[in-house]
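Numbered from 1 within each chain, the chains take letters A, B, ... in sequence-line order.
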Protein chains: 4
Amino acid sequence: MAGVNKVIIVGNLGNEPEIRTMPNGEAVANISVATSESWRDKNSGEMREITEWHRIVLYRRLAEIAGEYLHKGSKVYVEGRLRTRKWQDQNGQDRYTTEIQGDSLQMLDSRGDRAQSGGYAPQQSGGYAPQQQAYAAPASRPAQQTTAKPAAQPEPPIDFDDDIPF
Amino acid sequence: MAGVNKVIIVGNLGNEPEIRTMPNGEAVANISVATSESWRDKNSGEMREITEWHRIVLYRRLAEIAGEYLHKGSKVYVEGRLRTRKWQDQNGQDRYTTEIQGDSLQMLDSRGDRAQSGGYAPQQSGGYAPQQQAYAAPASRPAQQTTAKPAAQPEPPIDFDDDIPF
Amino acid sequence: MAGVNKVIIVGNLGNEPEIRTMPNGEAVANISVATSESWRDKNSGEMREITEWHRIVLYRRLAEIAGEYLHKGSKVYVEGRLRTRKWQDQNGQDRYTTEIQGDSLQMLDSRGDRAQSGGYAPQQSGGYAPQQQAYAAPASRPAQQTTAKPAAQPEPPIDFDDDIPF
Amino acid sequence: MAGVNKVIIVGNLGNEPEIRTMPNGEAVANISVATSESWRDKNSGEMREITEWHRIVLYRRLAEIAGEYLHKGSKVYVEGRLRTRKWQDQNGQDRYTTEIQGDSLQMLDSRGDRAQSGGYAPQQSGGYAPQQQAYAAPASRPAQQTTAKPAAQPEPPIDFDDDIPF
DNA sequence: TTTT
DNA sequence: TTTT
């Protein structure tokens, strides 16, 4: 890598996550997250607000987590990187879309929140959303290993086989 | 500034905020915020967890907001900078304490959260915690202006006197 | 503000900055900054690289600094926020462009760097690029004050009128 | 993980890195990185500056890179997390030291920079410092795998076995 | 399209 | 001392 390409978003989902499965069986999720700013207009003196919608794409384990635990209205912390992809519209014209590829995801709603909010409760019975940060697995790992030992674990404090490092 | 000194913390307060007033009348708040990591020990196979406590100091408007709206258990987003200060213990020995000076604060509990959680409801009747990000005022501004026009407003989208910039 | 909308970019300019002046006399700069990632393709075993170009817009004092000190090839740290704006192409179709609005800028080339690199030396004689971080002025400040006391100063450590705070 | 514990530092090393080897053969590096702020004192009108020194610890591959390529004066970007560790001084008193555990490191000096700057040139003949971002390997991976396939590679853009994902 |  |  030459350089740093980092995005940090905290906001609420505007819709249910959209989940797809790739030909190779891996999951992809798209979520749309809002942030907004408000300020007092210096001419009229009135409050104004602008909302920014962030299109976020999640892969693999993060996509699965999004599909299981995120819902319209969920508040999330997402850390990722910008990725602009080129595509062609129906007229064959080049078009560009900028997305955030999420590398880390954290749910910010408390459990009670979800319990109380009815519509946002997890779909499945047990329905426990681990209040954990989930990390994206490096794509260079063989897929089977990603499955066998999901790399989406939070990076632990360094331990040297339990020899205290300090 | 030569360099970048930036900290981003999302976590929960371990205690009620401690609020003081400086000789010049300005407020200072100290909050203690926990983050934690958990991982599976690769020898024992057991889950382990480590909690990190962050000592955060807030000044002026941010301190006032902390005093009004934050409570033990509150979840916050804090952006700030590291500051290590030197002091002397009772033996005259040099000691160092590293704190995060918060430049921006955002409450992450939903309102219903606070309403439901009893103990964490705002102290004052109106008790409405604006779900806004508050910014620290640059200290170089004259204090009276900070008071008259609290700089803790979110930075607005740039507008050129309402001539649309794009 | 509801939420956090933050971008951090470290990379090199692909072109000379483009500087414009708004009708109200304020400066606007556009810079294009590259970041890249490289990785080993897990099938072919070959190294591959992808470059991401970030369109960054700077206002006021930051735009002036960009015009004076940045050049094709300059390495910068930019902190800002995402802003997607809508416009219409020649066919009247809605199009969207995502930009980073820079709120803070820092030049990362050492002075010797520029001196040696020939083409990138500052245009003006004195040509000293202050190794400082420059911040955007909140737009809500009256323009004349922004001019008189450019808010692009680094935010100082809090001082209580020189009563040491710790 | 409950929460986010993130630090971003851009600054210069105040000394040569200190490299040690752990009993299990893994490398650990300590570097000390300065950031500074300057501002105009609002009473005296004079410029003042404060320097903050950040103690950063790097493990494994990052430690090796630090040992090979970093030197007194090197400019670096470091992303990591805060870690406060407790120790006892010679009087048996509890003491605390806050460090940044670096998870990602990037050298910001251009190659020409180092070549020209004499004292900071890499120690070894080839002496080419890859202008790459290096990431820490999760400690939960078996050490031998970390060695065999060093996880310190930059995370690639997601590719689905070369089926274009978009 | 969210949230306050 | 928090949270999950």
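Rounded to an integer number of Å, the gap from NE2 of H54(B) to P of dT2(F) is 15 Å. The distance between atom CG of D109(B) and atom C1' of dT2(F), rounded to the nearest whole Å, is 11 Å. When the C1' atom of dT1(E) is taken as reference, atom CD1 of I56(A) falls 13 Å away, rounded to whole Å. Atom CG in L108(A) sits about 13 Å away from atom P in dT4(E), given to the nearest Å. As rounded to whole Å, 16 Å separates atom P of dT4(F) from atom CE of M47(B). As rounded to whole Å, 12 Å separates atom P of dT4(E) from atom CE of M107(B). Between the CD atom of E16(A) and the C1' atom of dT2(E) there is a distance of 12 Å, rounded to whole Å. Atom pair L70(B):CG and dT3(F):P shows a separation of 14 Å (rounding to whole Å applied).
Side chain T51(A) to base dT2(E): a donor-acceptor pair is found below 3.5 Å. The base of dT4(F) does not come close enough to the side chain of S38(B) for any donor and acceptor atom to sit less than 3.5 Å apart.
The residue among E49(B) and N15(B) whose nearest nucleotide of DNA chain F lies closer to the 5′ end is N15(B).
Judged by distance alone, the side chain of E16(B) and the main-chain N or O of K72(B) form a donor-acceptor pair under 3.5 Å.
Comparing dT1(F), dT1(E), dT2(E) by their closest approach to the side chain of N12(A) singles out dT2(E). Closest approach to the S32(A) side chain among dT3(F), dT1(F), dT1(E) is made by dT1(E) (side chain taken as heavy atoms from C-beta onward).
Minimum heavy-atom separation, I100(D) to V7(D): CD1-CG1, 3.7 Å.
In this structure, W53(B) forms an aromatic stack with the base of dT1(F), since both conditions hold: centre separation below 5.5 Å and plane angle below 30°.
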* Test Q88(D) against D94(D) for side-chain contact (heavy atoms from CB on, under 4.5 Å), laying out the working first. => CA-CA 5 Å; Q88(D) 261 122 10; D94(D) 286 344; 2.9 Å; yes
* To do: Dump the intermediate steps for side-chain contact (heavy atoms from CB on, under 4.5 Å) on D103(B) and K6(B), then the final yes or no.
  => CA-CA 10 Å; D103(B) 294 317; K6(B) 182 164 289 288; over 6 Å; no
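Look at E37(B) and R81(D) and you find a salt bridge, because one of the NZ, NE, NH1 or NH2 atoms lies within 4.0 Å of a carboxylate O, short of that distance.
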